[in-house]
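Worksheet: the structure to be examined is printed underneath.
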Amino acid sequence: MPSRDAAGGVAMKALRGIFSREIALLRMQILDAVLPLAFYLLVVLMFAFGTRANDPTLAGLAVSILWVGALLSALLPLPRLFASEFEDGTLEQWCLAGTPLVLIVALKLFAHWCLNGLPLAVMALPLAVMLGLESAGLGYLALGLMMGTAILTLLGGLSASLLVGIPRAGSVLPLLVLPLMVPVVIFGSGAVRAWQVGGDPAAPLYFLGSIFALAVTALPWACASALRNAYD
């Protein structure tokens with residue numbers, strides 16, 4: 001039975017390998033890396049240009065605009081989350097490797113979030129200032145978006161696993177994921193909105209954290225099972 005240190009070494013080696021592969025893929029397809037950020041910026045700018053100059057209502061709508069824009073932008077790279085691994089045979093190697101598939105999938109999802117979801121959460125901060133959101137609420141916005149984009153990555157990973165190898169699956173994936181994101185948007189945006197009216201933002205964040213904990217506990221296992229079925 002491998003020791004805890006040996007298991008930790010295997011996990012770190014797998015994490016470094018997956019991160020290196022994700023960065024190499026982004027370098028080869030730099031447009032895929034920039035596209036979600038550019039799309040996010042354009043969505044927010046379209047809302048800003050669609051209102052009157054110095055319109056005070058824009059600050060009240062800022063949280064909803066930033067949340068919806070971030071989630072729509074994070075959806076863009078999800079349809080091809082496991083497509084390259086399925087096409088080049090990497091998925092077969094994962095299934096046959098000694099490292100547990102659920103660990104590889106969890107690390108792959110974590111790497112994908114770090115390179116795609118996290119930049120969107122960070123980018124939301126200057127956009128929030130541009131829309132007139134007070135700086136004291138930026139922390140609640142960033143914390144909510146970090147958990148929200150992570151949940152979207154996990155749900156998108158499950159949908160991508162179920163649809164891997166199916167032609168034009170990208171058009172179906174948003175229809176599977178977005179309805180499940182409704183409570184995430186409610187609690188995530190609700191935290192900032194509660195702070196804006198002088199309420200306690202902790203309760204919505206606790207609910208959002210509970211959804212995140214449930215997703216991060218269960219969904220990597222479901223993704224791994226779906227990918228193994230696709231390989232078999």
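Screening residues 138-155 for side chain to side chain donor-acceptor pair (under 3.5 Å), with sequence neighbours left out, gives Trp113-Thr149. Counting only residues at least two apart or in different chains, ring-ring contact (aromatic ring centres under 6.0 Å, His included) contacts with residues 66-99 are absent. Listed by first then second residue, pairs satisfying salt bridge (Lys or Arg N to Asp or Glu O under 4.0 Å) with a partner in residues 88-101 read Arg21-Asp88, not counting sequence neighbours.
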Hey, can you pull the donor-acceptor pairs under 3.5 Å for the side chains in residues 176-205, sequence neighbours left out?
| from | atom 1 | to | atom 2 | distance (Å) |
| --- | --- | --- | --- | --- |
| Ser189 | OG | Val185 | O | 2.6 |
| Arg193 | NH2 | Ser64 | OG | 3.0 |
| Asp200 | OD1 | Ala202 | N | 3.0 |

Run the side-chain donor-acceptor check on residues 154-162: report pairs under 3.5 Å with partners two or more places apart or on a different chain.
| from | atom 1 | to | atom 2 | distance (Å) |
| --- | --- | --- | --- | --- |
| Ser159 | OG | Leu155 | O | 3.2 |
| Ser161 | OG | Gly157 | O | 2.6 |

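By the side chain to side chain contact (heavy atoms under 4.5 Å, CB included) test, Ala106 is found to be paired with Pro220, residues two or more places apart in sequence or in another chain being considered. Checked against side chain to side chain contact (heavy atoms under 4.5 Å, CB included), Leu175 has no partners two or more places apart in sequence or in another chain. Residues forming a side chain to side chain contact (heavy atoms under 4.5 Å, CB included) with Pro77 (at least two apart in sequence, or on another chain): Pro36, His112, Asn116. Not counting sequence neighbours, Glu134 has no partner by the salt bridge (Lys or Arg N to Asp or Glu O under 4.0 Å) test.
Through chains of ILVMFWY side-chain contacts below 4.5 Å, Trp221 is grouped with Val102. Its side chain outside the 4.5 Å cluster rule for every partner, Tyr206 clusters with none of the Ile, Leu, Val, Met, Phe, Trp and Tyr residues. Taking Ile, Leu, Val, Met, Phe, Trp and Tyr as members and joining any whose side-chain heavy atoms lie under 4.5 Å apart, directly or through other members, Leu214 forms no hydrophobic cluster with any other residue.
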